[in-house]
Amino acid sequence: MESEQTTPETGISDRYHPKQVETKTYAWWESQNYFQAADQSTKPPFSVILPPPNVTGSLHMGHALNHSIQDLMIRWKRMSGFNALWLPGTDHAGIATQTVVEKELKKKNLNRKTLGREKFVEQIWDWKNLYGERIFEQMRRLGDSCDWNRKVFTLDEGVSRAVKKVFVSLHKKGLIYRGKRLVNWSWPLESAISDLEVEHKNIKGTLFHIQYPLADQSGFLTIATTRPETLLGDTAICVHPEDIRYQGFIGKEVIVPLTTRKIKVIADNAVDPQFGTGALKITPGHDFNDFKVGKTHQLELINILEKNGTLNENAGVYKGLSIQEARKKVVEDLKKLNLLVKEEPHPHSVGHCQRSGAVVEPFLSEQWFLKMDRLAVPAKHVVENGTVRFEPESWVKVYLHWLNNLEDWCVSRQLWWGHRIPAWTCSDCGNIQVSENDVSYCEKCRSANMKQDEDVLDTWFSSALWPFSTMGWPQDTETQKTFYPTSFLVTGHDILFFWVARMIMMGLEFKKDVPFRTVYFNGIVRDSKGQKMSKSVGNVLDPLDLIEKYGADSLRLSLLAHISAGRDLKISEPRIEGYRNFMNKLWNASRFVFQNCTDFDLANFKLQKSNLNSFDQAIIEKLGKCLTTVDKSLHDLRFADASQALYHFVWHEYCDWYLEFSKSNLKSSEKQTTQYILLIVLEKVLRAFHPMIPFITEELYQMHPMKTGACIIAEYPKVQNDREFFKLGTENAETEVDLIKEVITAVRNIRGENRLSPALKLKIRVGISDEKTQKIISENRSVIMSLARLDEMNLGEVGELKKCAVSAVSVKDLTAQVIIPLEGLVDFEEEIKRMQKAIEKCEKDISLLSQKLSNPKFLENADEEVVEVDKQLLTNSQKQIVALREGLTRFR
RNA sequence: AGGGGCAUAGCUCAGUUGGUAGAGCGCCACCCUUACAAGGUGGAUGUCAUCGGUUCGAGCCCGGUUGCCCCUACCA
C-alpha cells in the first residue's frame with residue numbers, strides 16, 4: 001500500500017513528483033527569458049552551438065547524453081557570470097528527409113518523379129513545417145536551456161546566402177571544380193555519395209574464375225572476379241609485368257566472353273600475382289582501381305549502368321536487368337559456354353550506402369568537387385598547436401591521419417532537397433557561370449538560355465559553415481563579434497570527419513579563426529549488455545519514456561554521473577531508478593529542513609562564530625572541499641567527478657550525518673545556528689547541483705527562505721567567492737566529527753554483527769587515554785548516545801574486559817576503545833569471530849608497516865609525509881591490537 | 001594491413017604527479033528509529049587479464065603475450 005503523506009505546515013509531499021514540476025518550471029524559465037544571451041554585454045561570452053538535429057529526428061539517448069553535457073556547461077557558465085549562449089537549430093538532412101517524405105507519398109500512391117521537382121519540394125516544406133520542430137519540444141522536456149529566439153534552420157534564407165557565398169568564393173579560388181569522375185553511386189537514391197557515407201561490410205561473396213579466349217584462338221587466359229557482370233565493361237586484362245606465367249600473353253588480345261569485343265592484355269604493377277589467377281580484368285568504368293589503371297594505359301572506358309542501377313545498352317542483351325539479375329544471368333551464360341572454370345567462396349568487404357543500405361557502385365558521372373589539400377593545412381595546425389583542443393586527446397591522431405590522406409570531397413548530390421548548386425550552364429555555348437545571384441544571361445555569348453544546375457549540395461556542406469552561418473555571416477553582426485569563435489562543442493566522434501574537421505577548415509578559411517576552442521567527444525549510449533541500441537534488436541530506450549517514468553533530472557544525472565570523455569556508456573533502467581531515488585532523497589532532506597525551520601527568523605538572525613559546534617564547522621569544511629572538487633572537475637570537463645562529488649556530499653555527508661546530528665541540536669539552545677547551517681548548506685547545494693539536475697533544484701530553491709530570484713540565474717557557489725563563510729569550516733572539527741562517527745559506527749558494527757536488535761539500548765564504555773579524545777567524546781555524549789542507541793556510556797580507563805566486545809577506533813592522532821559488555825546478550829561465537837577478524841587485520845597491517853618502516857631505502861626515498869602517515873598508522877594499529885587481544889582472552 | 005581503445009568486486013565503472021584497492025547497483029542479515037521503505041544500519045566479495053622489466057615500493061611507468069571492441073584503407 002502506498003500512501004501519500006504531506007507535511008501539514010509546509011504542504012510538501014513526501015515524494016518528489018517530477019511531472020508536476022518539470023513542465024511548469026520550464027515554461028516559467030522560458031517566460032522569464034532566462035535562456036536569452038545578449039549580443040552585447042559586459043559579461044564574458046560563452047557560446048555553444050547545438051549540433052543541429054535532423055528535422056526528421058526525434059530525441060534519442062545519444063541526444064540525451066550530448067545535450068545533458070551542453071546544458072550542464074551552459075547553465076554552469078550562465079550561473080558563473082558568463083553571457084552564455086546555446087544556439088539551437090535543425091538540419092535539413094537532404095537524403096534522410098527526402099526519403100521520409102517519399103515514403104509518405106508512396107502511401108498516397110505518389111512519387112517524386114510524377115510530382116515533379118517543384119511540387120515535391122513544396123511537399124517536403126509542408127512536412128518540415130509540421131514536424132520539423134518536434135525535436136525542440138522534446139529538448140524542452142530534457143531541460144535544454146537554448147536561446148530559442150535564435151533558432152536556425154539550414155535552409156533559412158540567411159544560411160542559404162552564406163552557403164552560396166562560400167560556394168562561389170571557393171569556386172573563384174579554384175578550390176571547387178567540376179569533374180567527370182568515378183564516384184560512389186547509390187542507385188536507390190540515384191545520387192552520388194561521399195566516401196564517408198560508404199559503410200564497409202563484410203559479406204560472403206564468390207570468386208568466379210572465368211576464361212577469356214585469346215583472339216588468335218591459341219588458348220585461354222583465366223581471370224578471377226567477384227563481379228562477373230562487369231566484364232561487359234572490360235577494356236583490358238592486366239597481369240604483373242614480372243609474372244613469368246603470363247609473359248607470353250602481354251600484348252596479345254583476348255575476346256570478352258559473351259561479347260565480340262577484343263581487348264588487350266597489358267602489364268602493370270597494380271596486379272597482385274598472388275591473388276586469384278594473377279590475371280585481372282580491367283573495368284575502368286566500374287572500379288576505382290581499374291579506373292587508375294585505365295588512366296595510365298589510356299584505356300577506353302565503358303559505362304554499362306543507368307543511374308537507377310540497371311544495365312544500359314552497352315550491356316547488349318542484358319540491358320534493363322538489375323545488377324543482381326545480370327550477375328546471375330552472366331554466370332549462367334558463362335557456364336553454358338564452359339567459360340566458368342571455378343567458383344570459390346570469398347569473404348570480402350563491400351561498400352554499402354549508409355542511408356539506403358544498397359551496395360555502392362562506382363559510377364562515372366559529372367560532379368562538383370572541393371579540393372581539400374590546401375584547406376587541410378591550417379586545419380592541421382590549429383589542432384596540432386592546441387588552438388583547438390580535443391577531449392579526449394586521442395582523437396588528435398585520428399584527425400591528423402585523416403587530414404593527411406584526403407581525397408577531394410564530392411559535394412554535389414542528385415537530390416531535390418537541399419541547397420541548389422549556384423551554377424548555371426549556357427545551353428547555347430556551354431559556358432558555366434557560378435554566382436550568388438540568379439543568372440539570366442550568359443556572360444560569354446549573351447544568350448538568355450541559362451539553366452541552373454539540377455544538383456544540390458551535400459548536407460554537410462552547409463553544416464560546415466554552421467558556427468558562423470547561424471550568427472548572421474556573411475553580414476558583419478554583433479553576434480559574431482561576441483560569440484565567435486564558440487567556446488565548446490560537444491559531439492560524437494562518428495562525425496569527426498563529416499563535421500568537425502570541415503567546420504575547422506571553413507572557419508579558418510572564411511572567418512580567419514577557429515570555430516571553437518574545445519571539442520568534447522561523447523561516447524555512444526549502449527544498452528546494459530554493451531550493444532548499440534537499435535530498433536531491430538529492440539533494445540532502444542526512449543529518453544521521453546524515461547523522463548515520463550523517472551523525471552528528466554534522474555535521466556540527466558544517470559548519464560552525467562557515468563560519462564568519461566570519449567568512452568561509450570552503458571545504461572539501463574535500474575540505474576536511472578537509482579538516481580530517481582536520489583532525487584527523492586534530496587527532496588525529503590529539503591522537506592526535513594523546511595519543516596524544522598518554519599520558525600527560523602532569517603531577517604533577524606546574526607551568525608555568531610562562537611555558536612558553531614563541531615558538526616557545523618565540519619559540514620562547512622566538507623562542503624568547501626566538495627565545491628572545490630566540483631569546480632576543478634567542471635573546468636577539467638570531468639562531469640562524472642563533479643556529479644558524484646555532489647551526490648556523495650548530499651547523501652552521505654549532509655543526509656547521513658549532518659541531518660542526524662542536527663536532530664538533537666535542534667532541541668538544544670543552539671537551535672537557531674543549526675537551522676541556519678541546515679538552510680545555508682542546502683541552499684548552496686541546490687545552486688551547485690542546478691546545472692546537472694535543473695528541475696528539482698529550481699523547485700526546492702523556490703521553497704527556500706534564502707532564495708534570491710531564480711536558481712537558474714543565481715550565482716554558482718564557489719569557495720573563492722564566499723571566503724568569509726568557508727573560513728568557518730575547520731579541519732580540526734572535521735577530525736573530531738570523524739572520531740564521533742567512528743565511535744557510533746563501532747557500536748553499530750558490533751550490534752549488527754551480533755544481531756542485536758536496534759531497539760535494544762546498550763550500555764557501553766569508551767576507553768580513552770588522552771585528554772583531547774576525552775573532551776570530544778564527553779562534549780558530544782548525547783549525540784553519540786542517541787545515534788548509537790545507548791542508554792549508558794561511561795568514559796575512562798579500559799578497565800575490566802570480561803565478556804566484552806572491544807572495537808578500537810582511530811582518526812589521525814585520536815584513538816579510543818569502544819567496549820560493550822555482552823554478558824547475557826549474545827552467542828559469543830559470533831563475537832569471537834568478529835574480534836579475531838579485527839585482530840588479523842591489525843596483524844597484517846603491523847607486519848606490512850613495520851616491514852616498510854624498517855627498510856632504510858624506504859625511509860631514504862619516500863616523502864616525509866608518507867613516512868609520517870605510516871608511522872601514525874603503525875602506532876595506532878599497535879595500540880588497537882593490544883586491546884583487541886586482551887578483549888578476546890577475557891572473552892573465553 | 002595500419003591506427004586507437006579496453007581488460008579492477010556478481011554487474012556497471014572510478015582510481016591524474018607510483019605509497020597498504022573504491023563507488024553505485026545487486027546480494028545477505030536486522031530494522032516501519034517522528035525527512036525519506038524510492039528508506040535506515042551492518043556485512044560478504046578482488047592473486048587489479050597474463051608474463052617480464054624499472055623501483056625501497058607498481059592497478060598506475062616500460063616491454064612482450066592473450067582476449068574483446070572501434071576506426072581508416074584494401075581485398076580482382
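Lettering follows sequence order; numbering is per chain, from 1.
Closest contact between the side chain of V398(A) and the listed nucleotides C71(B), G42(B), A35(B) involves C71(B). Distances from the side chain of Q595(A) to the nucleotides C31(B), U20(B), A35(B) place A35(B) closest. Checking C13(B), C36(B), U72(B) against every side-chain atom of D14(A), the shortest atom distance belongs to C36(B). Distance from the side chain of D656(A) is smallest to U41(B) among U41(B), G19(B), G43(B). Among the nucleotides A35(B), C74(B), C13(B), the one closest to the side chain of L659(A) is A35(B). When each of G4(B), G42(B), C74(B) is scored by its nearest atom to the side-chain atoms of N749(A), the top-ranked nucleotide is G42(B). Here G24(B) is the nucleotide among G24(B), C36(B), G42(B) with the atom lying nearest to any side-chain atom of H652(A). Out of U72(B), U12(B), C56(B), the shortest distance to the side chain of K570(A) is found at U12(B).
Taking the P atom of each, C25(B) and A35(B) are spaced 22 Å apart, rounded to whole Å. Between A44(B) and G39(B), the distance separating the two P atoms is 22 Å to the nearest Å. Spacing between C71(B) and U41(B) at atom P, rounded to whole Å, works out to 45 Å. Rounded to the nearest Å, the gap between the P atom of G64(B) and that of G5(B) is 14 Å. Taking atom C1' on both A7(B) and G19(B), the two are 25 Å apart, rounded to the nearest angstrom. C27(B) and G10(B): their P atoms are spaced 15 Å apart (whole Å). For the P atom pair drawn from C6(B) and C13(B), the interatomic distance equals 13 Å after rounding to whole Å. Distance noted for atom C1' between A23(B) and U34(B): 31 Å (whole Å).
The distance between atom CG of L760(A) and atom C1' of U33(B), rounded to the nearest whole Å, is 14 Å. To the nearest angstrom, P of C74(B) lies 8 Å from NZ of K292(A). In this structure, E577(A) atom CD and G26(B) atom P are separated by 8 Å, rounded to whole Å. What separates NE2 of H562(A) from P of A23(B) is a distance of 14 Å, to the nearest Å. Atom-to-atom, CG of L787(A) to C1' of A35(B) comes out at 15 Å; the value is rounded to the nearest Å. Rounding to whole angstrom units, NZ of residue K397(A) and C1' of C70(B) are separated by 16 Å. Distance CH2 (W395(A)) to P (C71(B)): 9 Å, rounded to an integer number of Å. What separates CZ of R591(A) from C1' of A35(B) is a distance of 5 Å, to the nearest Å.
T745(A) comes within 4.0 angstrom of sugar-phosphate atoms only, judged by non-hydrogen atoms across all strands, and of no base. Among the protein residues, D641(A) comes within range of the nucleic acid bases, having at least one heavy atom under 4.0 Å from a base atom. Heavy atoms of R748(A) sit under 4.0 angstrom from primed sugar atoms or phosphate atoms, though from no base atom. D287(A) comes within contact range of no nucleotide atom at all, as no heavy-atom separation falls under 4.0 Å. Note on V271(A): a base of the nucleic acid sits closer than 4.0 angstrom, heavy atoms only. Here S564(A) lies in heavy-atom contact (under 4.0 Å) with sugar-phosphate atoms only. Counting non-hydrogen atoms under 4.0 angstrom, D845(A) reaches a base of the nucleic acid. Counting non-hydrogen atoms under 4.0 angstrom, C238(A) reaches nothing in the nucleic acid. R755(A) comes within 4.0 angstrom of sugar-phosphate atoms only, judged by non-hydrogen atoms across all strands, and of no base. Using a 4.0 Å heavy-atom distance criterion, L756(A) is classed as making no nucleic acid contact. Note on L849(A): a base of the nucleic acid sits closer than 4.0 angstrom, heavy atoms only. K281(A) comes within 4.0 angstrom of nothing in the nucleic acid, heavy atoms only. Nucleic acid contact class of E660(A) (heavy atoms, under 4.0 Å, all strands): base.
The partner of C48(B) is absent, by the rule that a Watson-Crick or G-U pair needs both atom distances under 3.5 Å. Base-pair partner of G42(B): C28(B) (Watson-Crick or G-U wobble, both distances under 3.5 Å). The partner of C61(B) is G53(B), by the rule that a Watson-Crick or G-U pair needs both atom distances under 3.5 Å. Look at A23(B): its Watson-Crick or wobble partner, with both distances under 3.5 angstrom, is U12(B). Pairing for G18(B) is absent, with no Watson-Crick or G-U wobble pair whose two atom distances lie under 3.5 Å.
Regarding contacts with the backbone of A35(B), a side-chain N or O of K663(A) is found under 4.0 angstrom from either OP1 or OP2. In terms of phosphate contacts, N581(A) brings no side-chain nitrogen or oxygen within less than 4.0 Å of OP1 or OP2 of C36(B). Within the 4.0 Å cut-off from OP1 or OP2 of G57(B), not a single side-chain nitrogen or oxygen of N861(A) is found. Close to C11(B), at under 4.0 Å from its OP1 or OP2, lies no side-chain N or O of S572(A). Close to U20(B), at under 4.0 Å from its OP1 or OP2, lies no side-chain N or O of K841(A). The phosphate of C25(B) has neither OP1 nor OP2 within less than 4.0 Å of any side-chain N or O from R575(A).
Aromatic ring orientation, F521(A) versus W395(A): tilted (interplanar angle from 30° to 60°).
Salt bridge annotation for E840(A)-K837(A): absent, with no cationic side-chain nitrogen under 4.0 angstrom from a carboxylate oxygen. K741(A) has a carboxylate O that lies under 4.0 Å from a charged side-chain N of E653(A), or vice versa, which qualifies the two as a salt bridge. Residues D287(A) and R227(A) are paired through a salt bridge, judged by an N-O separation under 4.0 Å between the basic side chain and the carboxylate. Between E577(A) and K549(A) no salt bridge is recorded (no basic side-chain N to carboxylate O distance below 4.0 Å).
Defined by atom type and a distance below 3.5 Å, a donor-acceptor pair is present between the side-chain atoms of Y212(A) and D234(A).
Under a cut-off of 6.0 angstrom, the local environment of NZ in K380(A) is crowded, with over 12 non-hydrogen atoms contributed by other residues, nucleotides or ligands. With a 6.0 Å radius and a threshold of 12 heavy atoms from other residues, nucleotides or ligands, E393(A) has its CD atom at or below the threshold.
In this structure, K585(A) is not positioned above the aromatic face of Y16(A) in the sense of NZ or CZ being under 6.0 Å from the six-membered ring centre and within 45° of the axis.
The nearest heavy atom of RNA chain B to S757(A) and to K837(A) marks one nucleotide each, and the one closer to the 5' end goes with S757(A). With RNA chain B read from its 5' end, the first of the two nearest nucleotides for W657(A) and V350(A) is the one closest to W657(A).
For the pair I696(A) and M583(A), the tightest heavy-atom approach, listed with the atom from each and the gap, is CD1-O, 3.3 Å.
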